[in-house]
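Working notes, beginning with the structure itself.
Counting starts at 1 for both ligands and their atoms, in listed order.
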Amino acid sequence: MAAELPIPVYTNLDDLYRNLGTTVNHAVRWNNLAEEFVTRFSRKPAYIARAPGRVKILFTLSSGEHIDYTLFGCFPAAIERDILIACAPRSVRTSPSPYSSQTGPDLESQQVSGSVVAENLHGKYSRQTFVPAKKLSWQLDIDTKQLRWESYVKAGYYGVLNHYFTPAAGSDGHPVPVDLLVTGSVPAGSGLSSSAAMVVASTLAFLAVNGKLDDTSISAQGMTKGKLVEMAMENEKRVGVNSGGMDQAASVISTANSALYVSFFPRLSAQPIPLPGASTTSISISPASSLQPRAVFVCANSLVVSDKLVHARTRYNLRVVETLVAARVLARRLNIPVGEKEKVTLREVLGKVMGEDAGGGEDMDLGILMHGLERMISEVELLKPNQRDDGEEGVTLEEMIEWSGLSEDVFREVYLSWVDGNGWFPVEATYFQLYKRAKHVFTEALRVLQFREVCLRASSPPSLSVLEELGNLMNESQESCSRAYECSCPELDELVQLARDAGAYGSRLTGAGWGGCTVSLIAESEVESFIHKIKNAYGPYKGLQGEELHEVIFATKPSSGACGEYSYFR
Ligand code: GLA
């Protein structure tokens, strides 16, 4: 299985690029990063970790939005844009960085076990130094109230420290002091998973620099892709967003030219599905380029910055709570027993309805899962609230608590003041939308399986009807995200409409939504004119040219997942 493979470590760039399946000029970026590392830290990096961003639709198919944390399978792919972290253990620091925009702890303290000097090639992110504290477990001060670039570096580090450097983990060893330098081509807040890519790259960098990639104390095979995903998922929660695992899985497990069917229940598993007709030879991703032979997907940034953390209370984390409460209420109305403090998910409720082995043995056959989803799409009507006198939709907190059958105290403890690791996930709403959210989840999970099926049976090159079928599923997904899940925004709605008017087979938002990017399925021959039409029609793109334009709207292809490079500079 793809999740059980080790993390690829390449010893020369040719192998790396061949495996990434891309000709994007990574060499320049890797070289710049390494040279800059030498300038700033007076020695060569020992390791460069790479983690790509993620897009949840590709060449011929789409995936599921906001269903990973309900434990339904989704269908993402990694994109070519990535985060790179160069790092090296520090022994003696010879001189302060000439680029320091802020003075950290004194240089001596930086020799302390586990201390980190983190710099970012992007001028807007200042240098940070931090030293983890060892108490019962390792502690790192992560600010969950505001967006700070180094929080994602710390989040990756946190897991490495607590998995590998505690007596409970069978180790009293000391983490090495580390210098690291980050660069990224995944636009922040764009819905392309820059946060997951940062956390994956950081986890990988700290594992590598501490010599833990081959460590067999946690798993007999050393660090596998699946283990890295699980660690990165746990780590990202420390930033304060209760996210699912799709981004991390895409970032770590993807293979070039394939989408990844990721399932989270009863355990993480991933199956790369080759895209019909996708070329395995390298292509350029300049705006005029394309996937061979018939269609490409084009990401367009709405330029509405949407960070999951900033509005987590009323958006992302609220959706997580709404789907969980929906699962409990649905179970109750279907007479399915659920433990008082159990956070049952919608996927688990489906399993119980379908008589799935409660021990969570084998993955459910996908045909049976599709029947189960069809059934749940009708059962979800049980959640429909009565019309309100004030014309509003949904249920109040009091009504929701009553529907759950729990006492107020237990409800608050389980769903509203839930502390998970380092993260506390408070939410806020006047009316909670259990029915609409659950309906989106079941229909979206079914669309994922339909996309997967169409993709598997498509000929290569895919026929026009296949592209149209997939485009329709993408459009339906957008409709559901916009109306039922309410995670779109006017700019995204406008962009997808413009994309369809400009000839896309289908177009939808990707990522958490509320801003960020759309992804559109476009005929290969139309990419250039498509980008031109969008540039002229979408207000925020007016006046953008060349590289600036390419930054916001670009064709891309599925790339491979996280990897590391050890010996480049030896
Ligand atoms: C974010 C999260 C993912 C997923 C998507 C929505 O990107 O990190 O886990 O929930 O939103 O599909």
With a 3.5 Å cut-off and sequence neighbours excluded, list the donor-acceptor pairs that the side chains of residues 325-332 form with protein atoms.
residue, atom, partner, partner atom, Å
Arg328, NE, Tyr415, OH, 2.8
Arg328, NH2, Gly339, O, 2.8
Arg328, NH2, Glu340, O, 3.0
Arg328, NH2, Glu342, O, 2.9
Arg332, NH1, Glu402, O, 3.4
Arg332, NH1, Trp403, O, 2.8

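Side-chain atoms of Gln248 and Glu236 form a donor-acceptor pair, as typed in the model, at a separation below 3.5 Å. Side-chain contact of Asn475 with Arg508: a donor-acceptor pair under 3.5 Å is absent, judged by distance alone. Side-chain contact of Ser507 with Gln478: a donor-acceptor pair under 3.5 Å is absent, judged by distance alone.
Salt-bridge annotation for Glu379 and Lys439: absent, with no side-chain N of the basic residue lying under 4.0 Å from a carboxylate O of the acidic one.
Taking every non-hydrogen atom of Asp68 and a distance limit under 4.0 Å, the qualifying atoms of ligand 1 come out as 3 (C), 4 (C), 9 (O), 10 (O). Counting atoms of ligand 1 from 1 in the listed order, those under 4.0 Å from a heavy atom of Tyr69 are 10 (O). Here is the list of ligand 1 atoms found below 4.0 Å of a heavy atom in Asp247: 1 (C), 2 (C), 3 (C), 7 (O), 8 (O). Listed by number with element, the atoms of ligand 1 under 4.0 Å from a non-hydrogen atom of Ser243 are 2 (C), 8 (O), 9 (O).
Among the atoms of Gly244, some N or O lies under 3.5 angstrom from an N or O of ligand 1. Between Glu236 and ligand 1, a contact under 3.5 Å exists for no N or O pair.
Heavy-atom separations between Ala196 and ligand 1 are all 4.0 Å or longer.
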Quiz item: How far apart are the C-alpha atoms of Leu446 and Met370, what are their side-chain angles, what is the distance that settles it, and do they pass the side chain to side chain contact (heavy atoms under 4.5 Å, CB included) test?
Solution: CA-CA 6 Å; Leu446 185 58; Met370 284 174 102; 4.0 Å; yes

